[in-house]
Structure formats: C-alpha cells, structure tokens
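Computed from a predicted model, the values in this text were never measured in an experiment. So that the names make sense, note that chain A is the first sequence line, chain B the second, and so on, each numbered from 1.
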Amino acid sequence: MLELRDFQVRYGNFKAIKNLSFSLPSGDAVGLTGRNGVGKTSTLKGIIGLVETEGEVLFRGEDISDLEPHTRATRGIGYLPQERKVFGQLTLEENLRLVGEDSGEDRIKNEVIDLFPCLKGLFNQKAVNLSGGEQTMVAIARLLIRNPDLLLLDEPTEGLMPELEEVLHRVLEENLRQDRSILIADRNINYLKAISNEVYQLSEGLVSNVIEG
Amino acid sequence: MQMEASWNLGKLLTVFVVVLTVFGVLPLFLGRFQVVLVTEALILGVYALSFDLIFGYAGMLSFGQSIFFGVGAYTILYSFKGGLGLAVSLLLAVFVAGFFGLLVGGAIVRIKGAKFFLVTLVGSILFYLLALDNRWLTGGSDGMVVPTVFPGLAENYYLVLGVSVTAILFALILVRSPLGLVLKMIRDNERRAGLLGYSLKKYKVITFTIGGGIAGLAGGLYAYTSGFVSAGFFHWTRSADAVVWTILGGAGTVVGPFLGAALLTVVSDILSAVVGNIYPVVVGALLVLAVVVFPRGVFGLLEGTIRNWKGDSGG
Amino acid sequence: MSKLAFGLLNGVVWGTVLALLSSGLNVVFGLMGTVNVAHGSLYMFGAYLAWICFSFLDSFWLSLIVSPLAVGLVGVSIGFLLKPVRKDPILTVLGTFGITILLQGSTLVLWGGTPRRVPLPFDSTFSLFGTGYSFYRIFVALVSGLVLYCLWFLVERTKFGLRLRASREDPELSSAIGIPVFNLFLLGFALGGALAGLSGALIAPLVSLTPEMGLRIFAIVFLIVIIGGLGKIWRSVVVAIYFAVFRGLASIFLDSTKGLILTFSLALLVVLVNPSILGRSSANANGS
C-alpha cells in the first residue's frame, strides 16, 4: 500500500529525516515513535505532501512524491494532523460536509452519531466553540468519511478521553480488517504496540530501533 | 531582494574616488541637456536612497516618501522667503522633513506588512489632498515660485553632486554602523531581533526619521533647482517613483536606487520621445518582471555578473 | 433639507457599489492574505470597458456582461502570474502594484488622459423633494444589492463557498483533506475580478473616467476592508456604506475635497487607534 524509498525531509539546510525506507502492506499498521521534534510529524507531512521531500513515496505502487497534497488526499490518503485540527469558523456539520460526497449527507450524519453519540446536538455549532475532545471526534470523523485506504494519524491520543481511545481503537481495527493501512505517530510506545505490527523508533532522522507489536 | 555589499571599505573608497572624478569632469564632455539629466538623476537618486533606507534596510514598504519630499520642498520655499541662505535652508529642509518622519513613523510603526503599505498610501494621498486644498500655503496645483538666486539644473550640477555625494557617504556609513546592522537584522528576521532584546519600534522610527530627512533634502534640492514647487510634489506618484527606482535598481544597496533613478529617468525621456505615455506601461511590466523573476534588481544583476567574472564562488 | 436627502441617497448608492468592490477585494484578500493592489485598476478597466461598449458597440448594457467576464479573466491571469510569490506579502504588493501601473499606463496610452463620460443609459427620474433623482442610481443600488446577495449565497450556502472559507482559514489543512487550494485561489481571483469589473461598469455613467481612478479607489476600498476585518466580507459591506454615506454628507457640508480629506482622516484614525482591527494577520507567516 505504502512504500518509502530513501525518503528525506529537509527544512532549508536542516535534514529532519535523513533516510527512511520501509513498506507498509495492506491491512497492516506501523507506528512511528520518538521524542518530541524527532521527525514523526515531518514524516507524515511528507507523505501527504505538505513539506518538500526527496526520495520516493509509493502509494499503491505509484510514486506520488510530485503530486499536490489535495491530489494525494483524493486518491485515498487520509491525514489526521496533530492538535486535532478542525476549521474553527465552520460549523461541525460544515467541517464534515467539506469532505463528504454531495449526496448522502444524512447517511453520513447518522454514521457519525453512531460513532460519537455525544456529538448529537452540536452539528450547528461553530467548531471553535466545541471542547477539545469534541473537536478531536470531529477530526476523526472527517478522516473516516471518505474511507481512505491509507490513514496517517499524528498523535491521535493526545488529550483524548479513555472511552474515545477505545472507540478509536475499534475503528482502526475495523479498518485494518478491511485491508486498509495505518501509519501512526505517537510518543506512547505501548499504545502503538497495541495496534501496530511494527513500531519504528526514530532518532536523528533515522530509524534506530524496530519493535514488534 | 537584499544584497549584502560585501566589498571592504578600501575597495569601496577606491571605486568611490574614481566615480567621483568621473562625475567631476563630466560636464566638460556633455552637452547642457545631458548635464540637466544627470543632475536630475542625482537628486532623484538621493530621493530613492531615502526609500531604500526604509525598505531595503529596515524592511518597511512605505508609500509615503512623497510626504517628506514635499515637506522638504516647501521648507526651502519658505526658508528662502524668510531670507535664509541656501545652506541653512537645505539643512532646515532636512530637519523639518525629518521631524515629519519622526511624527509619521512614530504613529504607524507598530503596523506591519501590507497594512503598513496601505496606511502610508492613504497618508500620502491625504497630504496631497491637504496640499491641494490649502492654496494659501501651497499654491495648490499651480504652485509657487521659489526665489532661487541661481536656478537651473545644469547650473547647479556641482552643488547637487556635492550634496548627493554627502548623502551617499552618510548612507554608506550608516548601513555599516551598529544601527545599520541592527536594521538589517530586523529586516531579515524581526522575531529574532525582538527576542535578542532590540527595541524594534525605536529602530524603525529612527530609520523613518532619517529616511524622511533625506527625502526632504531631495525635495528641497529639486525645488531649489527648478525654482518651483506645487502640490504635485506630494502626489503619490512621487512615492511610486521612489519605490520603482529602488526595486528596479536593487533594494538594500546604497547604489542601486541611484542606478534605478538614473536609468529610469533616461529611459523615461527616451520613451516619451518615441511613444508618448508608454513609460508607465514599461515600468509596470518591468516591476512585475522584477518581482517575479529577478527580485534583486539591476544592481543585483550587475553584482552577480561582476562576481562571475572575478570567479568568486556564488553568493 | 433636500440636499441632505440627496446626499444620503447618493451615499447609499455609492456605498453599495463600494461594498461590491470591497467584497471582491475581500474574496482574494481573505483567501490567502493576498493583497491585490491592482483591484482598483480592475475596477477602472471595467469602467473603461463600459465606455468602449457604449462608444463603439452602441450598447452600454452589454458591458454589464462583458466587464465582469473580461475583468474576471484578467483577475485569473494576475493570480497565475503571482503564483511564485503569493506567499510573500511584500512581493505580492509590489507585483500587483506593478500590474496597477501597467494597467493604468496602458489605459493612458490607448485612450488618453482626458476624462471620458458615459451618458446615463436611461434618463428617467423620479421626483424627490421637488427635484428629479435619477432612476439609474436606484438601479445601480438594486443591482449591487442583488449581486451582493448572490455572493452571500455563494459563499455561505454552497459547497464552493464552503471550500473557499475553509481554504481561507487554513490553506494547509484544506489541501491535506483534498481541497485544491490553488485552483480555488485562481477562482477567487476570477470572482474578485468579476466583481471589480461589474462595479466599474455600473458606476461608469455616474462618474468621469480617468486612468487614475483605480489607485484612488483602491486606497478607499483597502481601508474599508481593513476596518471591516480581513476576509469578513459582510462587515466590510456595512463599513462601505457608512464610509460612503459619511463622505456624501461631508461633501455637502464642506466641499468635495475637504469631504474626502475628512473621511480619509477619520478612517485612518480608526485604523491607527484600534490595533485589534489590524488583528487577524495574514493567513501566511513570512517564510524565514
């Protein structure tokens, strides 16, 4: 599903990721861990195309490293950024409508309520008025709407309540069962081990350790 | 868009003396009309220099230089009318315009980026309208005659040359001084400079004041040599001129604005002989080109070429 | 008293056109923090197109279609041209300023500096306080109002508007979730241009056309947009009307120039005194 070959991320003269090469098959999950600033976010951003990279990023066998982020997204890559990014000025419903198909809006609404019942009355609220946890739920729901084949998650458990962690876990397991792939970055190694087949520890821009999940 | 003049003081002074000599003997070889052009280019070069200090060195895109140009011009007028001599009047022009620079700069210094540009643009328009409206003071668009004893651009060539040289020297010393270095730091990375403890506002206001003073000097010289002032001195197109000359000549270099002013004044004259009014079209196109393709201006290009010839490693 | 009524009415009419123009600037400005100094010149271009339609094609009404379309296209070209520098506010200002000079200069070369006039497309007036008030002005206000309503609907109620608002708020996130931000950026420029062109065409019979009318109005519109809040289209509409009414009234009690001076000074004061108005900074940070 995803393969990185000689993948590098640099900011000006600084190489955040010096060389990363691994493959992530369908139905598998891989974790990226390491201390703050080691390059987990840079890796994910590089895969979705928000930062300049060198080397190859192969998605379903095709090199996407020259494509714009929005093209990569529509091809089936879902990205959940750090800090549960939502569009504060848009309502909850609008945040979801952004990625939804034009028809089937009600179906989507119902699915989201099934998943996160406590979002029920909040659809007309501006996202900036929602609590942190609610915003995370919205971000996760938005990620899932298009059923992306590759999910990129950046510190998804940050500030997440335990019940929601469980919900997320269930959702991720379900996606894996459906042969989708997951790449998670998180500082919490144990969390990653629970869901991933392998966890790569990053240090100084390279993989320093591989832990079986 | 920033060029670090990497020449050491010795090299610089040599070049300077050479150029000065050339300019010194120039009138002997040129016809009167050409001397007029050179004189005008020198004055306008000083004016462009004032903008370069503010923009190329302190990073503020100000559209308000016409304000100080006009203030300087009218100061000369009233100073002469008051019976003061040339030297005193020119100094007065610098100080009064500089004072205005202090006022304006102090008022707007905490504004950033595009909004700063807007405020200076509106300020420029405002001053123009005020000048237009107060005919008793400014003579409106018809203007007033400046009682110059010895008017004429060509006749005052050496005076203008002297003043320009002083201005250039002053600017060169300024940008190499501690103040200049702080300014460059502010221009290149405001946050860092602030974190290092520099009072951004203070330095910006100082630069604005100096820039205002120099623009006033140019305005005074221009009024003096043409023997005439009008509200048009305040018109925003004057501000635009300063911007264009500096950008095309090369911002952040002391010489670039002069090059720009000189080249474009000549180009403007040539073009208007060929097709009336085509000059703005050419300038506009050049500006767009400069911004998108080569932001370092003509001087930047020249410097780059000279570097290549000398075989220096790329900057 | 009738002078007052006229001044007020004129102010409202002028205000709706300014509102239209400001919205156009806001669509682009709010989109990516891109300042389009040429916006005023696009307005000027739209007005001249109206004059051309009238003078050479014998139909003013044609320009109400031609101007938005043509100027919209010019808008897209500008967006395209600025692609490499769109993230740098200073370069964008300089670049669009260059385009302003270019457009202004071209107009000067092609049509000369003498003010051009477009006669009113229809002469009917209605009686107001014993004097005739032109129906055309009412027409202008109505059309502007209608277009503003359509704009509102487009931005707040359609998917396109939704994506536009999202791109405006967070271009990076928008791109990552599948929104073609640059294409929207170009469309925004087209929309902004079309609005400017339409404003110019509408106002053409009411003012005298000169190549300089562009930059002068740009200063006004930019002020309005800043005071109303970047990207806050609807607040700028309100500010535009206030501004125009104030200017109209001031011009009645003082003279035209003094009225403009007063209005500018006041607006400038508002901008200077209230730093929070300058709040919402550019959507993009300076690249370091």
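- Minimum heavy-atom separation, C:Ala176 to A:Ala73: O-CB, 3.3 Å.
- Looking at A:Leu98, the atoms closer than 4.5 Å to chain C (heavy atoms on both sides) sit in the backbone and in the side chain alike.
- Under a cut-off of 6.0 angstrom, the local environment of CD in A:Gln201 is crowded, with over 12 non-hydrogen atoms contributed by other residues, nucleotides or ligands.
- Within 6.0 Å of CD on A:Glu52 lie no more than 12 heavy atoms contributed by other residues, nucleotides or ligands.
- Here the closest heavy-atom approach between residue C:Gly178 and residue A:His70 is recorded as C-CB, 3.5 Å.
- Scanning all heavy atoms of the two residues, the minimum distance from A:Phe87 to C:Ala166 falls at CE2-O, 3.3 Å.
- With a 6.0 Å radius and a threshold of 12 heavy atoms from other residues, nucleotides or ligands, A:Glu173 has its CD atom above the threshold.
- Other residues, nucleotides and ligands contribute only 12 or fewer heavy atoms inside 6.0 Å of the CD1 atom of C:Ile65.
- The shortest distance between side-chain heavy atoms of A:Tyr79 and C:Ile177 does not fall below 4.5 Å.
- Proximity to chain C is limited to the side chain of A:Arg146, based on heavy atoms less than 4.5 angstrom apart.
- A distance-only check finds no donor-acceptor pair linking the side chain of A:Gln89 to the backbone of C:Glu169 [under 3.5 Å].
- Nearest heavy atom pair, residue C:Lys159 against residue A:Arg97, reads CE-O, 3.6 Å.
- Atom CD in A:Glu93 sits 9.5 Å away from atom CG in C:Leu162 (nearest 0.5 Å).
- Heavy-atom contacts from other residues, nucleotides or ligands closer than 6.0 Å to OH of C:Tyr242 number 12 or fewer.
- Taking a 6.0 Å sphere around CZ of C:Phe80, one finds it holds 12 or fewer heavy atoms contributed by other residues, nucleotides or ligands.
- Side-chain contact between A:Leu50 and C:Glu172: present, with at least one pair of heavy atoms (C-beta onward) separated by less than 4.5 Å.
- Atom CZ of C:Phe153 has 12 or fewer neighbouring heavy atoms from other residues, nucleotides or ligands inside a 6.0 Å radius.
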Legend entry - Candidate pair A:Leu90 and C:Arg165, rule side-chain contact (heavy atoms from CB on, under 4.5 Å), full reasoning: CA-CA 8 Å; A:Leu90 305 180; C:Arg165 282 182 286 140; 3.4 Å; yes
